[in-house]
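For reference, the structure discussed in these notes is given below.
In this text, all values refer to a predicted model and were calculated from it rather than measured experimentally.
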Amino acid sequence: MKKYILSIGLGILSMTGLVGCDSILDKEPLDRFTNANFWTNAANVQGYANTFYNEFTGYGNGSGTGLFYFQTLSDDQAGNSFSDWGQKNNLTTNSTWSGAYIEIRRANIMIENVPNIQETDAVKNHWLGVARLMRAYEYFRLVRMFGDVPYADKSLDITDEGILYGPRTNRDQVMDNVLEDLNFAVANIDDVTSKITWSRNMAQAMKADICLYEGTFRKYRRSEDGQPAPDAAGATRFLTECKTACSAIMGKFTTLNTSYQGNYNSTDLSSNPEMIFYKAYRQTVLVHSLIAYTCSSTKISGMTMDAFNAYLFKDGRPLALTDGDKNIIAPMIDDDLSIAAMLDVRDERLRQTVDPVLMYVGNTYARSGAMEMTSTTGFGVCKYDNTSIPADFRRNTNSNYTHAPLFWLSVVYLNYAEACAELGAITDNDLDISINKLKDRARLPHLSATVGFDDPANNHGVSSLIWEIRRERRCELMFDNWFRYWDLVRWHQLDKLDSSVYPAILLGADVRNDSDNEAPTVGTNIDGSNGAVRTYESKYYLYPIPSGQVDLNPQLNPNNPGW
């Protein structure tokens, strides 16, 4: 006996066939919406589409976690609890799988019904663009995590057994369909300036993110890991589409926010020239807890020494090659280990990301108005804090109301530069109109296409230029939106999260100058591993198809390689 899982759009159950045609039950109710009378105007469609906004998590809602700061499965952070591969404990169900298909069905229902509304073609195409944008986004999330997935471009019911219980579609074909949806969206969604609603700029930014991921993923994937072989033509196509989308945005957005930290700790992003799309929070109405988690008496998930050392020095060179002060041993000043001098000689973004003194077991630190805090690595995270907000609204969960960036110009600049470099046709002008603007804000020398040095730390097997562009991305987007984890996936560098091979990725600050140190250490550095080891296997590039879904549909087998 087959099992059916149904999602009923608009809460409507059809009773056709159960009663005679003259029954009052055949009449449309007059006091509520039905499928027949709902799809009539743009206002109703807008209300329906508003549910999609829930997919943009931002800083989270209430006491829940969001997409900034909390992803400690990376080489940028060491978590208070050891972060192992999430796939190990995610075999029966997966919220991404189930949630994405719910939203895909919602989008397909909208695509099927919007042509019926009594509006102009332009209005209809705007809302069709919104639906196809969100369908693209959900399929991208599925493919990124699971590879081949079942594909449906219509809303399914129990008669669609061939799709409901059919095989997975090749991930490359799904992503080709995603690109078609994205291109329809950027051509048809209204070209408005609003930063909190659907706009063509927002669609272009999403397209740029997705196309950069797909282009580099196809370029660097390896068939020996059970994945399809590299696809040079496909990589070029998606990278070119990314560059095109970035150029469209860069033609409209030309100014960065003067403050790097201001992108993350502002109570009002409406006038920020860098914002393309953001999530607005409001005191006591819609709040989050991100600041509270970084102003807490509970140990903070701190920056690793590996990430700290990724930041360039003021002369534009890395730790191994700089002529600046290379000291990474914090001196004891007024009973605190101070890193102020280290911050003075580094990329300005580092100062706006971590605290000026170390905090660890036995040696706490209180940022202005915050609690006494400790960190897993000694490095505190100040990036998202706003000390001008009253302490009770910062330190307490369910109280924070700073706005969250979702799509913003600095990411577009990073995407553009990387796409140009991966296409093999980057110029100094390309760098000047993109990431060199980020360099200016960080008070660093410009990057040239010829670079001028080779960093010994480059372990990605790429050119010095691409390595420096990847460094710029890492530092600009430190702790942001889970970028780092998925960047390592698409660059095919996930093995760099193996702490048995790269133990330094879980080490923290050097605390040798604290003779009374109580924190666990490896040598003279704080040990952020919690005594555990993370071991890489190639199967971790993909999550397993949830076993609950395989039970419902055996054609989802064979599961992903290694699972």
Regarding [X] and [Y], does a basic nitrogen lie under 4.0 Å from an acidic carboxylate oxygen?
X: Asp176; Y: Arg237; value: yes
X: Asp153; Y: Arg135; value: no
X: Arg168; Y: Asp148; value: no
X: Glu214; Y: Arg171; value: yes
X: Arg473; Y: Asp487; value: yes
X: Arg441; Y: Glu274; value: yes

Testing the 3.5 Å rule here: is there a donor-acceptor pair between the side chains of [X] and [Y]?
X: Gln173; Y: Asn177; answer: yes
X: Tyr416; Y: Asp430; answer: yes
X: Lys539; Y: Asn559; answer: no
X: Tyr541; Y: Asn560; answer: no
X: Thr402; Y: Asn265; answer: no
X: Tyr278; Y: Ser270; answer: no

Measure from the ring center of [X] to the ring center of [Y] and say whether it is less than 6.0 Å.
X: Tyr53; Y: Trp198; value: yes
X: Tyr69; Y: Tyr293; value: no
X: Tyr213; Y: Phe140; value: yes

Atom pair CG (Leu465) and CD (Glu418), whose distance is rounded to the nearest 0.5 Å: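 Here the interatomic distance stands at 10.5 Å.
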Atom pair CD/CZ of Glu476 and Arg471 - distance to nearest 0.5 Å: 14.5 Å
Check: Phe184 and Leu128 side chains under 4.5 Å, non-hydrogen atoms: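 Answer yes - side chains close enough.
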Test item: Gln549 and Asn94 side chains (from C-beta on) under 4.5 Å apart, heavy atoms: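 Side chain of Gln549 against side chain of Asn94, heavy atoms only: no contact under 4.5 Å found.
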Working for salt bridge (Lys or Arg N to Asp or Glu O under 4.0 Å), residues Arg221 and Asp172: CA-CA 12 Å; Arg221 67 189 179 189; Asp172 286 5; 2.9 Å; yes
Stepwise side-chain hydrogen bond (donor to acceptor under 3.5 Å, both in side chains) check, Lys383 with Tyr260: CA-CA 9 Å; Lys383 180 175 181 177; Tyr260 168 74; 2.9 Å; yes
Residue pairs fulfilling salt bridge (charged side-chain N to carboxylate O under 4.0 Å, His left out) with at least one residue in residues 187-203, sequence neighbours excluded: Asp191-Lys252
